[in-house]
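Reviewing the structure listed below.
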There are 2 protein chains.
Amino acid sequence: MSEATTIPYGKITTPEQLGRLVRHQRKAQGATQAEFAALCGVGVRFISELENGKPTLELGKVLQVLHCLGLELSLGPRGWPTSPSPSGTHPC
Amino acid sequence: MSEATTIPYGKITTPEQLGRLVRHQRKAQGATQAEFAALCGVGVRFISELENGKPTLELGKVLQVLHCLGLELSLGPRGWPTSPSPSGTHPC
DNA sequence: CAAGAATATTACCGAACGGGAATAATATCG
DNA sequence: CGATATTATTCCCGTTCGGTAATATTCTTG
């Protein structure tokens, strides 16, 4: 697996990390920020700020956008392995 | 496993769900909202609102509080199994 | 049950969110 | 490289966040 195909899932400890993943997923789905904003029912500004890791965004809107991306957050103890395998195989 | 020992981890799709999990973890650690707020560097008000599922809270502060709880969010496609087993055993 | 502990709510107030539009800046692509 | 597309930033403005303290309400416990 090359650097170019970064795993689009993973741990979220900062708004920046979340933003990077959101942008990656959006682009993977071939949508512009404007299209995506309309789809999610938020403003373009929000999408831009989210993707750029702005820490003061509303939690509920963030979750709303994740839902639109077909993504889901899961909460667990720090360090526990959760990243789905990019090849689709199971962790074990 | 009885009703009293609800799994404290899982999927997060709404602020309410997150709030319930946060409250559960805080109580499991035997801390009051005030103690916990001081520990996390936020106000008591924020903890109360977070635990009650207020949707407009700042994302960055939420992540900060989760860090203090020794918790971590993980992002993946909807439906993918991620809940750690409460008994400590591996998913498979 | 009553006292005390814990939590929710209110007040004050400066900072700032976010929609939508406009525009500046940056990225893309033939 | 230049034209176009996309994204970031700015503007306006009503609404509200969140710290802190006070207080109302609810929960816990002996």
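Computed from a predicted structure; not experimentally measured. Order of the sequence lines fixes the chain letters, A, B, ..., with proteins taken first and strands second; residue numbering starts at 1 for each chain.
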* Structure fact -> Result for side chain to side chain donor-acceptor pair (under 3.5 Å) between Thr13(B) and one of Glu16(B), Lys11(B), Gln17(B) points to Gln17(B)

* To do: Without swapping roles, check the side chain of Gln29(A) against the backbone of Leu69(A) for a donor-acceptor pair under 3.5 Å.
  => yes

* Structure fact -> Across all chains, not counting sequence neighbours, the side-chain contact (heavy atoms from CB on, under 4.5 Å) partners of Glu58(A) are Lys61(A), Thr56(B)

* To do: May I ask you to decide if Cys40(B)'s main-chain N or O and Gln64(B)'s side chain share a donor-acceptor pair within less than 3.5 Å?
  => yes

Atom pairs, N/O to N/O, protein against nucleotides 24-30 of chain D, distance under 3.5 Å?
none

* Please determine if a side-chain N or O atom of Arg23(A) lies less than 4.0 Å away from the OP1 or OP2 oxygen of dA8(D). => yes

* Please give, in whole Å, the distance from dA27(C) P to Gln33(A) CD? -> 13 Å

* Any Asn52(A) side-chain nitrogen or oxygen under 4.0 Å from OP1 or OP2 of dA8(D) -> yes

* Kindly say if Thr32(A) contacts the phosphate of dT6(D), meaning a side-chain N or O under 4.0 Å from OP1 or OP2. => no

* Structure fact -> In this structure, CZ of Arg20(B) is separated from OG1 of Thr14(B) (nearest 0.5 Å) by 6.0 Å

* Which whole-number value in Å describes the distance from Leu50(A) CG to dT7(D) C1'? -> 14 Å

* Could you encode protein contacts along nucleotides 14-21 of chain C as a string, one character per nucleotide from 5' to 3', using B for base contact, S for sugar-phosphate-only contact and - for no contact, with a heavy-atom cut-off of under 4.0 Å? => ---SBBB-

* Could you walk me through whether Val44(B) and Phe36(B) pass side-chain contact (heavy atoms from CB on, under 4.5 Å), step by step? => CA-CA 8 Å; Val44(B) 177; Phe36(B) 191 50; over 6 Å; no

* Determine yes or no for a side-chain-to-main-chain donor-acceptor pair under 3.5 angstrom, with Gln25(A) supplying the side chain and Leu21(A) the backbone. => no

* Rounded to whole angstroms, how far apart are CD1 on Ile47(A) and P on dT6(D)? -> 15 Å

* Asked: Hey, is the main chain of Ala31(B) close enough, under 3.5 Å, to the side chain of Arg26(B) for a donor-acceptor pair?
  -> yes

* Asked: Does a side-chain N or O from Arg26(A) land closer than 4.0 Å to OP1 or OP2 of dT7(D), or not?
  -> yes

